[in-house]
There are 2 protein chains.
Amino acid sequence: MELKRAAEGEKGFEKVFAFLRERLLAGSLKPGDRLISERELATLLGVSRPIVREALRALTVLGIVEIRDRIGTVVTRPDVSVLNDFFTFALAQQADMLDDVMQARVAIECQAIRLACERANIADFERLQRTLAKIGETIDEADAGGMADFEFHRSIVTASHSETLTVLHGSMAGLLTHSHRSRRELVQAFPSMKTYLIDDHRRIFDAIIARDPERADATLRKHFAIGDEYRRRAVVGDIDKTSASG
Amino acid sequence: MELKRAAEGEKGFEKVFAFLRERLLAGSLKPGDRLISERELATLLGVSRPIVREALRALTVLGIVEIRDRIGTVVTRPDVSVLNDFFTFALAQQADMLDDVMQARVAIECQAIRLACERANIADFERLQRTLAKIGETIDEADAGGMADFEFHRSIVTASHSETLTVLHGSMAGLLTHSHRSRRELVQAFPSMKTYLIDDHRRIFDAIIARDPERADATLRKHFAIGDEYRRRAVVGDIDKTSASG
DNA sequence: GGTCTGATCTTGGTCAGACCAGTAGGCTAA
DNA sequence: TTAGCCTACTGGTCTGACCAAGATCAGACC
């Protein structure tokens, strides 16, 4: 059984997984390809079908393949949701990681905005403008306002035309949406925030339009810093806000 | 069966996975906890053991739990290797993603260096100094030089004391090590690179020591930009370097 | 009484075979 | 030729079983 050669040492799951990984990484299995059936794979590798399913399921959660009921298993283009899942779980267990994730988000977004300055096209500009307008319209609503805020920032990342940045940002987005929302709740407490929210986003938008990476980055960073400042002040003045920061 | 309540809609794998996800996210299952046995889980959820194993295996590849032979399944602290796996697979199938990943790496590292300026302690400084020295010592060796380069950059991220940034950077590191290495191979072609490599890293180091985030960030960015420039020039002069970029 | 040892229970690891439900494609009948 | 049926195949799942080895506790020994 020369086919087993490369996977002889491992047993069971590892064997199947290694077998498939090899083909995947070597490129002999490309997106769109359909794998041989579970039964064939099982007999081919000398394992039982449940084991094969474990391996296929593993690849599924990694977003590498897709198991289609009664059709077969096909190789897919790497899917983002993996990162989403991972971050969701990771964050859930280490709530203190949230500040950390925020840092990563800032990292991604600041890089994205630089790229956006270079790569943004008309459609991107239009989307940015739309979402910017939305921020102004929803300035007094917590939910819609938070959503608008989020959409604007997402538009920035989209405009970077970088899949990886988009993926990473997206996977952290879910965790941070409530952060946008809670920030918006502060508007009631700090009237000056209205100006901050509208003007800051406007400045960010302008910098992108001007295709000025340095200014865009700096403005965005300042925007985050000010947001932090407001939040800190809020914590001082309104303790029960802290419970939502986890 | 009120226990099934939340997972009634799904079936099989989804049911088990959802059941566990719920507990994991809600925090009723914390790192270190041991799950109930596969058999119990199976009867509890009304599915067969192979299905339970699929779900557990899925969580395993996500780095959420660890299945210990003849011991049980325990919840672990989220593991980085997932991201590694993902990026490895993703890159294998979409080589064009490499530039993109590089962008993300720049993003992470530039944010990290800013944090490093604020948070780095003596130990961090020492590590940076050590790795910086190593770069000078190994300037003429491709392998060791690439490694030293990599270590220095990793030290920067470590000095940020941000778990998330470290994790993200680490998961992209494997893919980019060869990038460091191949960059070092250019040293032969471009003698001026020696100065670039040594002086640039030195400047970066100085900026961190000076705890000047802006300067550090700018210097690091410039460093990457120059590296890109060298690589671009190399591609023009030496085509077979491109084949190794996948 | 305390400790050591071994039988037993439990756990994961795996297999074999079976049934269901649709899907796809070949074959047949109109 | 074409519409429709029929079978082979696919994934989805279950059942029940066996193995090897860690965990546990009872009983024997010191």
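Since the model is a prediction, treat every value here as computed from it, not as a measurement. Every chain is numbered from 1 and lettered A, B, ... according to where its sequence line falls, protein lines coming before strand lines.
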Inset, instruction - May I have the distance from B:Asp69 (atom CG) to C:dT10 (atom P), rounded to whole angstrom? - result: 18 Å

Inset, instruction - Using heavy atoms to find the nearest nucleotide of DNA chain C for A:Ser48 and B:Glu40 separately, return the residue whose nucleotide is more 5′. - result: B:Glu40

Inset, instruction - Could you tell me the separation between the CZ atom of A:Arg57 and the C1' atom of D:dT13, rounded to a whole number of Å? - result: 11 Å

Legend entry - Nearest-angstrom distance from the residue atom CG of B:Leu41 to C1' of C:dT10: 16 Å

Inset, instruction - Could you please name the partner base of D:dT24, counting Watson-Crick and G-U wobble pairs only when both distances are under 3.5 Å? - result: C:dA7

Inset, instruction - For A:Ile67 and C:dG22, give me the distance from atom CD1 to atom P, rounded to whole Å. - result: 18 Å

Legend entry - Side-chain donor/acceptor of B:Thr138 to backbone N/O of B:Glu141, under 3.5 Å: no

Legend entry - Between C1' of C:dC9 and CD1 of B:Ile71, the distance in whole Å: 14 Å

Legend entry - Earlier contact from the 5' end, DNA chain D, for A:Ile36 and B:Arg70: A:Ile36

Inset, instruction - State the CD-CD1 distance between B:Gln129 and B:Ile208, to the nearest 0.5 angstrom. - result: 11.5 Å

Legend entry - Any donor-acceptor N/O pair under 3.5 Å between D:dG11 base and A:Arg68 side chain: no

Legend entry - side-chain N/O B:Ser37 vs C:dT10 OP1/OP2, d < 4.0 Å: no

Inset, instruction - Name the nucleic acid region contacted by A:Glu54, choosing base, sugar-phosphate or nothing; use a 4.0 angstrom heavy-atom cut-off, strictly under. - result: nothing

Inset, instruction - Look at the side chain of B:Arg49 against the base of C:dT14 and say whether a donor-acceptor pair falls under 3.5 Å; ignore hydrogens and angles. - result: yes

Legend entry - Interatomic spacing from CZ in A:Phe224 to CZ in A:Arg105 - rounded to 0.5 Å: 4.0 Å

Inset, instruction - Check B:Gln111 against A:Ala107 and note the closest heavy-atom contact, atom names and distance. - result: CB-CB, 3.2 Å

Legend entry - Integer-rounded Å distance: D:dG11 P and B:Glu14 CD: 18 Å

Inset, instruction - Mind checking A:Glu66 for me? I need base, sugar-phosphate or nothing, with any heavy atom below 4.0 Å counting as a touch. - result: nothing

Inset, instruction - Rounded off to whole Å, could you give me the CZ-to-P distance for the A:Arg39 and C:dC20 pair? - result: 14 Å

Inset, instruction - Specify the separation, in whole Å, of atom CD of B:Glu38 and atom P of D:dT15. - result: 16 Å

Inset, instruction - State whether A:Arg154 and A:Glu151 are salt-bridged, where the test is any N-O pair (Lys NZ or Arg NE/NH1/NH2 against Asp/Glu carboxylate O) under 4.0 Å. - result: yes

